[in-house]
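Inspection log for the structure reproduced underneath, given as structure tokens.
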Amino acid sequence: MENTKKIALVTGGSRGLGKDMALRLADKGINVIITYNSKADDAQNVINEIEQKGLQAAALQLNTGAVSSFDNFINQLKDVLHAKFGTDHIDFLVNNAGIGGYSPITDVTEAFFDELLNVHFKGVYFLTQKVLPLINEGGGIVNISSGLTRVAIPGSSVYASLKTAVETFTRYLAKELGERKIRANVVAPGAIMTDFGGGHLRNDEQLQKMVSSFTALGRPGVAEDIGGVVAFLCTEDARWVNGQRIEAAGGMAL
Ligand code: NAD
């Protein structure tokens, strides 16, 4: 086990991709703090699973779309770091939390746009800014984007544009944080069967067939396809990977 004393903060770690990331980070010997929005019980189950692996874990409530709450969150994070982990710093930030939102361009409202903007870009930007002073030299940031920044599928213009903004932000992070030896990378999953978008893909067999038809490996993704990629980026093996976008999509729309 490597990185035994390192700590990763994963937003939206109570289910779906974030849960798998948290568990796979623990498999790498990294302690994990997850955030959850409303489901404290789910978060506690993830903590229990991590502790069963012999690692330390904690959960904090956070609405990643509410920038005005971030100062309070940072204070809570500092408290839990001090009380439970005996440190003032973390090593990795994984900006994973996100919501689905589908609408043709002609029907997009300002309210719909702003809801996605707050969670997918403004929240990611300012949470990262506020967590940055707590990240140790040699640490890293992993931002979760989407295959939809490369492949245009009608209905996802707002979501995909915001994920593209996250990809650009990530390159700037890599550039500006190089002097602190902090790396920043993007993982862009393809279509994954989670609760995302109300189980949009998981509950629709026709959509699953469509995704399978244009995916080289012939199936939609599952959460367990993604966590290991994020965990790898938080290891010494990835120390020279910086400012990159890694698509984990089974060869979608090649
Ligand atoms: P999910 O719905 O299963 O989980 C989303 C997580 O984000 C949950 O833990 C939820 O509580 C959290 N979250 C949502 N809104 C939040 C808010 N305002 N504040 C705090 N937490 C919030 O979805 P998922 O598939 O696990 O998605 C995780 C990430 O992966 C998202 O960023 C999503 O855009 C991205 N992604 C998903 C897919 C897919 O097909 N599932 C594909 C590409 C990228």
Side-chain angles (χ1 to χ4, degrees), residues 10-12 16-18 20-21 64-65 93-108 112-129 140-177 183-198 200-202 204 207-208 210-217 219-223 225-230 232-233 238 241-254:
V10 181
T11 65
L17 305 188
D20 190 58
M21 291 166 199
T64 59
L93 168 65
V94 182
N95 283 304
N96 162 73
I99 47 173
Y102 311 94
S103 172
I105 294 167
T106 46
D107 294 347
V108 168
F112 172 88
F113 187 101
D114 285 346
E115 188 186 7
L116 288 177
L117 172 70
N118 286 337
V119 171
H120 282 293
F121 188 51
K122 195 172 168 189
V124 169
Y125 193 103
F126 285 104
L127 185 67
T128 303
Q129 182 198 62
I141 296 164
V142 182
N143 291 327
I144 304 306
S145 179
S146 167
L148 292 172
T149 63
R150 183 177 61 79
V151 182
I153 296 188
S156 290
S157 65
V158 177
Y159 172 80
S161 299
L162 296 168
K163 290 294 199 187
T164 301
V166 165
E167 293 183 6
T168 300
F169 176 47
T170 307
R171 284 196 299 279
Y172 275 83
L173 284 168
K175 194 82 173 173
E176 292 193 17
L177 300 177
R183 298 175 294 110
N185 291 289
V186 163
V187 172
I192 315 279
M193 295 184 289
T194 62
D195 288 345
F196 190 71
H200 183 69
L201 175 64
R202 191 194 51 219
D204 185 338
L207 192 55
Q208 289 169 29
M210 203 256 282
V211 169
S212 303
S213 72
F214 62 71
T215 300
L217 293 181
R219 63 168 176 83
V222 292
D225 292 325
I226 305 301
V229 183
V230 172
F232 157 71
L233 287 170
V241 182
N242 195 17
Q244 300 305 302
R245 174 189 188 274
I246 300 177
E247 187 165 309
M252 181 181 73
L254 293 175

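Sequential numbering from 1 along the given sequence is applied to the chain's residues.
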Where do [X] and [Y] come nearest, in terms of heavy atoms and distance?
X	Y	answer
L17	P189	CD1-CG, 3.9 Å
E167	S145	OE2-OG, 2.6 Å
N242	A174	OD1-CB, 3.4 Å
V222	M193	CG1-CE, 4.0 Å
L162	H120	CB-CB, 4.0 Å
G221	R219	CA-NH1, 3.7 Å

For a quick check under 3.5 Å, do N95 and T11 share a side-chain donor-acceptor pair by atom type?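 T11 and N95 do not have a side-chain donor-acceptor pair below 3.5 Å.
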For a quick check under 3.5 Å, do R245 and T149 share a side-chain donor-acceptor pair by atom type?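 Yes - a donor-acceptor pair under 3.5 Å links their side chains.
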Quick check: are there more than 12 heavy atoms from other residues, nucleotides or ligands sitting under 6.0 Å from [atom1] of [X]?
X	atom1	answer
F232	CZ	yes
I105	CD1	no
E115	CD	no
Y172	OH	no

side-chain contact (heavy atoms from CB on, under 4.5 Å) between L93 and T128, intermediate numbers included: CA-CA 8 Å; L93 168 65; T128 303; 3.8 Å; yes
Report the C-alpha separation of Y159 and F196 in whole Å, then their side-chain angles, then the decisive distance to 0.1 Å, and conclude whether the ring-ring contact (aromatic ring centres under 6.0 Å, His included) test is met. CA-CA 13 Å; Y159 172 80; F196 190 71; 5.6 Å; yes
Apply the test side-chain contact (heavy atoms from CB on, under 4.5 Å) to residues L148 and I153: give CA-CA distance (whole Å), side-chain angles for both, the deciding distance (0.1 Å), then the verdict. CA-CA 7 Å; L148 292 172; I153 296 188; 3.8 Å; yes
Evaluate side-chain contact (heavy atoms from CB on, under 4.5 Å) for Q208 paired with V211, printing each intermediate quantity in order. CA-CA 5 Å; Q208 289 169 29; V211 169; 5.8 Å; no
Would you please classify the geometry between the H200 ring and the Y102 ring as parallel, tilted or perpendicular, with 30° and 60° separating the classes?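 Y102 and H200: parallel rings.
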